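A quick note: this is a predicted structure, and the numbers were derived from the prediction, not measured. Chain A is the first sequence line, chain B the second, and so forth, proteins listed ahead of strands; every chain is numbered from 1.
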There are 2 protein chains.
Amino acid sequence: MFTLSEENYLKAIYHLELVANSGISTNAIANQLETKASSVSDMIKKLSDKEVVIYKKYKGVTLTNLGKKVAANIVRKHRLWEVFLVEKLNFSWDEVHDVAEQLEHIKSPKLINQLDALLGFPTQDPHGDPIPDKEGNINVIEKSLLSTLNKNESAVCVGVNDSSSDFLQFLDKKGITLGKKIVVLEKEEFDNSLLIKIGTEQLSISNKIANNLYVQRK
Amino acid sequence: MFTLSEENYLKAIYHLELVANSGISTNAIANQLETKASSVSDMIKKLSDKEVVIYKKYKGVTLTNLGKKVAANIVRKHRLWEVFLVEKLNFSWDEVHDVAEQLEHIKSPKLINQLDALLGFPTQDPHGDPIPDKEGNINVIEKSLLSTLNKNESAVCVGVNDSSSDFLQFLDKKGITLGKKIVVLEKEEFDNSLLIKIGTEQLSISNKIANNLYVQRK
DNA sequence: ATTAATTTTTAGACTTGCCTAAATATATTT
DNA sequence: AAATATATTTAGGCAAGTCTAAAAATTAAT
Ligand SMILES: [Mn+2]
Ligand SMILES: [Mn+2]
Ligand SMILES: [Mn+2]
Ligand SMILES: [Mn+2]
């Protein structure tokens, strides 16, 4: 069994491993968890003793298969709870993360299985992120950043890169929600901003925004 | 804001105050929480500093109005989650307590308000215990122990005194559920056992059982 | 009213998880 | 290849929460 803190470390390493390919550095973890490198060094030793990470001093850390499974299960719980909050309790997608951070640590296999069933076995959370299955496998769907589209290409919104409340509320304000179709009308060379059509609206989108919105090419 | 441990102490004192009238003793709290008296002494000082209990050395402890409100809110959350687990996730009434012990500490007013609404604003939990409202008020319903009934009296099951898994499973096995009507056919002087009619069945009930089942006289 | 038993508090220690500051190892420049 | 900069670990300390053992207060018994 793992403590709340251990679970948060495992989850952080899991998320970092999805984008990095080499071992995860102490600093990277400290940064992700908003803690200090020395605290990370301490915790890594405990995780190594519990055989959820492989650790060579100064060489960074890697999840073992067990570690991956434990971490994926926490992510699974986090995302299922997010779906629950949106689908059953009328939360909006920018309100769910902090509550899910708490709920993901509740220990009860039956609870999470029944929740999964209640929600109809969803495969994605409200931000378009995949929900790992019980074994920790995720169904990777092909997606691209909106910023990689060229003029006249069209696509469907499928996810966000930045799940901050600010960004999500911005998208709400602009009427950009998952599932909506986007067409790139213009691409400005100077600042890489885009003129897009979304629904019946035309919108100017800065490069910063386009770099945080995932789409699926059509 | 209160830590998980502080919340558990407040809840324990709250439950003890419902049956005791004098100040709650250190030992009583230690016993309730399965901890040591010395740990309780330590914690009581912290709770006193936070003005949720009134404490005079060696004289036991009493919840302040703030303390009562905080404690009632934890009980409210515990019982709402129990209803959720039974009503929405198909848990049986003997499986919910341990999970609710975890869920009661989740901090999100919106979560609990929306959960309340999803469940249709229930007033009782699966064990027949009252759910405090947002201000911490509980609606005390009149109820008696089955053991206090006399021959030929009839009543309806409304709650349990012992919520242990063992007792609840025993009730399930005997087909005794909340809402069922009971008629006392015989009362044995020798051992205070009862012969009851419940539904179409006749059952012999020991005094120990009758002392742990609440009914409402009809 | 003493003495004995029980309850409660205090003293000191331990674990977890975190921190700062210092030491050491690795990486980058010159 | 040295020197410098950066990253990581170690050393020592702190707060929360718990424990055992000892001291002090309260309660019960003689
Ligand atoms: Mn999230
Ligand atoms: Mn999410
Ligand atoms: Mn309960
Ligand atoms: Mn209950």
Quickly work out the A:Ile44 CD1 to C:dC18 C1' distance and round it to whole Å. 15 Å
Does CG in A:Asn150 sit with more than 12 non-hydrogen atoms of other residues, nucleotides or ligands closer than 6.0 Å? yes
OP1 or OP2 of D:dT10 sitting under 4.0 Å from any side-chain N/O of A:Lys57? yes
Please state whether the phosphate of C:dT10, meaning OP1 or OP2, lies under 4.0 angstrom from any side-chain nitrogen or oxygen of B:Ser41. no
Is the shortest heavy-atom distance from the side chain of A:Arg79 to the side chain of A:Gln124 under 4.5 Å? no
Side-chain N or O of A:Tyr55 versus OP1/OP2 of D:dT8: is the shortest distance under 4.0 Å? no
For the pair B:Val99 and B:Trp81, evaluate side chain to side chain contact (heavy atoms under 4.5 Å, CB included) and give the outcome as yes or no after the intermediate values. CA-CA 8 Å; B:Val99 185; B:Trp81 280 115; over 6 Å; no
So B:Lys45, base contact, sugar-phosphate only, or nothing? Heavy-atom distance under 4.0 Å. sugar-phosphate
Flag, side chain of B:Lys77 to backbone of B:Ile106, donor-acceptor distance under 3.5 Å: yes
Rounded to whole angstroms, how far apart are OH on B:Tyr58 and P on C:dT9? 6 Å
CG of A:Leu33 versus C1' of C:dG17: gap in Å, rounded? 12 Å
Rounded to whole Å, how long is the line connecting atom NZ of A:Lys56 with atom C1' of D:dT8? 16 Å
B:Gln32, B:His105, B:Glu101, B:Glu6 screened by side-chain hydrogen bond (donor to acceptor under 3.5 Å, both in side chains) with B:Lys11, the one that passes: B:Glu101
Can you check the A:Glu34 CD to C:dG17 C1' distance for me, whole Å? 17 Å
Distance check: side-chain N/O of A:Asn27 vs OP1/OP2 of D:dT8, anything under 4.0 Å? yes
Which protein N or O atoms sit under 3.5 Å from an N or O of nucleotides 14-18 of chain D?
from   : atom 1 : to      : atom 2 : distance (Å)
D:dG17 : OP1    : B:Thr3  : OG1    : 2.7
D:dG17 : OP2    : B:Lys46 : NZ     : 3.4
D:dT18 : OP1    : B:Ser5  : OG     : 3.3
D:dT18 : OP2    : B:Ser5  : OG     : 3.4
D:dT18 : OP2    : B:Tyr9  : OH     : 3.4

Check whether more than 12 heavy atoms from other residues, nucleotides or ligands sit under 6.0 Å from atom CG of B:Asn65, and answer yes or no. no
